[in-house]
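What follows is one structure encoded as structure tokens, with my remarks underneath.
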Number of protein chains: 2
Amino acid sequence: MQNKDSRQDRKKAPDCTTDTCEIVYVDHKKVSSVIRRMKPEPVVQRIAETFKVLGDPTRTKIIFALSAAELCVCDIASLLNTTRSAVSHQLRILRNMRLVKYRKEGKMVFYSLDDSHINNLFTECLRHVEEYD
Amino acid sequence: MQNKDSRQDRKKAPDCTTDTCEIVYVDHKKVSSVIRRMKPEPVVQRIAETFKVLGDPTRTKIIFALSAAELCVCDIASLLNTTRSAVSHQLRILRNMRLVKYRKEGKMVFYSLDDSHINNLFTECLRHVEEYD
DNA sequence: CTAACAGTTGAACAGCTGTTCAATCGTTTG
DNA sequence: CAAACGATTGAACAGCTGTTCAACTGTTAG
């Protein structure tokens with residue numbers, strides 16, 4: 001019983017790339033099974049990129065604000081107590097990730113959320129955050 | 001009809017903090033309504049922090065891997081083709097955010113996901129990512 | 001005890017990121 | 001047309017981030 005799954009499937013890695021290539025034991029069966037279940041690289045990259053974009057406080061607040069109402073750049077800047085320039089830069093990033101869309105009305109540009117999943121993402125994240133407080 | 005909601009509630013902001021404080025029109029009614037609906041600052045910060053932690057490709061992959069199986073540091077490093085040190089650093093960050101937990105077995109440390117919401121977050125994010133391809 | 005080794009940690013460093021500032025664009029108004 | 005102004009953009013810069021490297025800890029095996 002002292003020799004569970006953690007030892008018997010471990011073999012010296014021939015293509016060891018870890019650290020200074022000491023002898024390293026890896027559970028190859030388990031690892032290759034996990035590799036088979038991983039999402040393809042481009043998908044992982046896009047997921048990471050999406051989370052990253054949501055992971056800046058200014059952008060988080062913009063998303064929250066836009067989930068409550070359609071707003072122009074001035075409104076958002078006033079709301080967040082920051083400059084129109086800073087907001088505009090962040091809105092470009094959100095636009096590029098298709099997280100917000102915009103509508104022009106004369107000189108003004110009104111922004112709103114582009115995607116219904118975003119609210120679900122925030123709801124789920126909120127649930128995690130509020131779990132331990 | 002040419003004067004819709006975008007103009008009539010806009011007033012010069014007395015506490016204008018945007019740019020060089022030119023005359024700036026803000027829809028105060030709308031803005032204060034949105035402010036009332038915003039989450040409190042610490043909650044926003046924690047949400048942003050959580051997304052940020054998930055927004056690094058290495059950490060994204062670690063989470064994906066751990067959602068498939070419990071793994072030790074060596075397994076993960078082998079899986080991601082990186083060093084144990086790099087993985088260990090990232091695992092510390094994930095641990096601090098209570099996203100992963102660990103279990104020691106002799107010299108080895110086995111990591112697994114700590115939170116059921118994480119899988120939901122990834123599922124929802126995947127849905128967004130796969131929408132436009 | 002000593003050697004081996006899985007894992008952690010801190011310092012250093014290169015690369016990235018968000019804000020600021022100034023210049024510019026486009027639309028509206030007088 | 002010119003002035004006003006909402007919005008965007010690019011450059012610059014400070015601050016942050018992730019990896020690497022080397023040193024270290026703790027456990028196991030001989």
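Every chain is numbered from 1 and lettered A, B, ... according to where its sequence line falls, protein lines coming before strand lines.
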Assign the ring pair A:Tyr102 / A:Tyr111 to parallel, tilted or perpendicular, where the plane angle (0 to 90°) is split at 30° and 60°.
-> tilted

Relative to the ring of B:Phe51, is the ring of A:Phe51 parallel (under 30°), tilted (30 to 60°) or perpendicular (over 60°)?
-> parallel

Tell me, which of residues 48-62 of chain A have any heavy atom that sits under 4.0 Å from an atom in DNA chain D?
-> none

Rounding to an integer number of Å, can you tell me how far [X] [atom1] sits from [N] [atom2]?
X        : N      : atom1 : atom2 : answer
B:Leu94  : D:dG18 : CG    : P     : 10 Å
B:Leu91  : C:dT8  : CG    : P     : 7 Å
B:Leu80  : D:dG18 : CG    : P     : 15 Å
B:Ile76  : C:dT8  : CD1   : C1'   : 14 Å
B:Lys104 : D:dT27 : NZ    : C1'   : 10 Å
B:Asp27  : D:dG6  : CG    : P     : 13 Å
B:Met108 : C:dT8  : CE    : C1'   : 15 Å
A:Phe110 : C:dT27 : CZ    : C1'   : 14 Å

Between [options], which nucleotide gets closest to the side-chain atoms of [X]?
X        : options               : value
A:Lys107 : D:dG18, D:dA7, C:dG26 : C:dG26
B:Val73  : C:dA6, C:dT8, D:dA7   : C:dT8
A:Ile93  : D:dT8, D:dG18, C:dG18 : C:dG18

Rounded at 0.5 Å granularity, tell me how far [atom1] in [X] sits from [atom2] in [Y].
X        : Y        : atom1 : atom2 : result
A:Leu91  : A:Ile62  : CG    : CD1   : 4.5 Å
B:Arg36  : B:Met38  : CZ    : CE    : 13.0 Å
B:Leu71  : A:Lys30  : CG    : NZ    : 5.5 Å
A:His117 : A:Leu99  : NE2   : CG    : 11.0 Å
A:Asn119 : B:Glu124 : CG    : CD    : 10.0 Å
A:Leu79  : B:Ile35  : CG    : CD1   : 5.0 Å

Which sits closer to the 5' end of DNA chain C, A:Ala86 or A:Gly106, going by the nucleotide each is nearest to?
-> A:Ala86

Side-chain N or O of [X] versus OP1/OP2 of [N]: is the shortest distance under 4.0 Å?
X        : N      : value
A:Gln90  : C:dT19 : yes
A:Tyr102 : D:dG6  : no
B:Ser88  : C:dG7  : no
A:Ser85  : C:dT20 : no
A:Tyr111 : D:dG6  : no
B:Arg92  : D:dT17 : no

Side chains of A:Glu49 and A:Gln45, donor plus acceptor under 3.5 Å |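 No pair is found: no donor N or O on one side chain lies under 3.5 Å from an acceptor on the other.
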
Return the angle between end axes of the helix from C:dC1-D:dG30 to C:dG30-D:dC1, with five pairs used per end and rounding to 10°.
-> 20°

Given A:Leu94, A:Val53, A:Thr58, the one that forms side chain to side chain contact (heavy atoms under 4.5 Å, CB included) with A:Ile63 |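 When A:Leu94, A:Val53, A:Thr58 are each tested with A:Ile63, the side chain to side chain contact (heavy atoms under 4.5 Å, CB included) holds only for A:Leu94.
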
Does the ring of B:His89 lie flat against the base of C:dT9, closer than 5.5 Å centre to centre with planes under 30°?
->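 The ring of B:His89 is stacked on C:dT9.
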
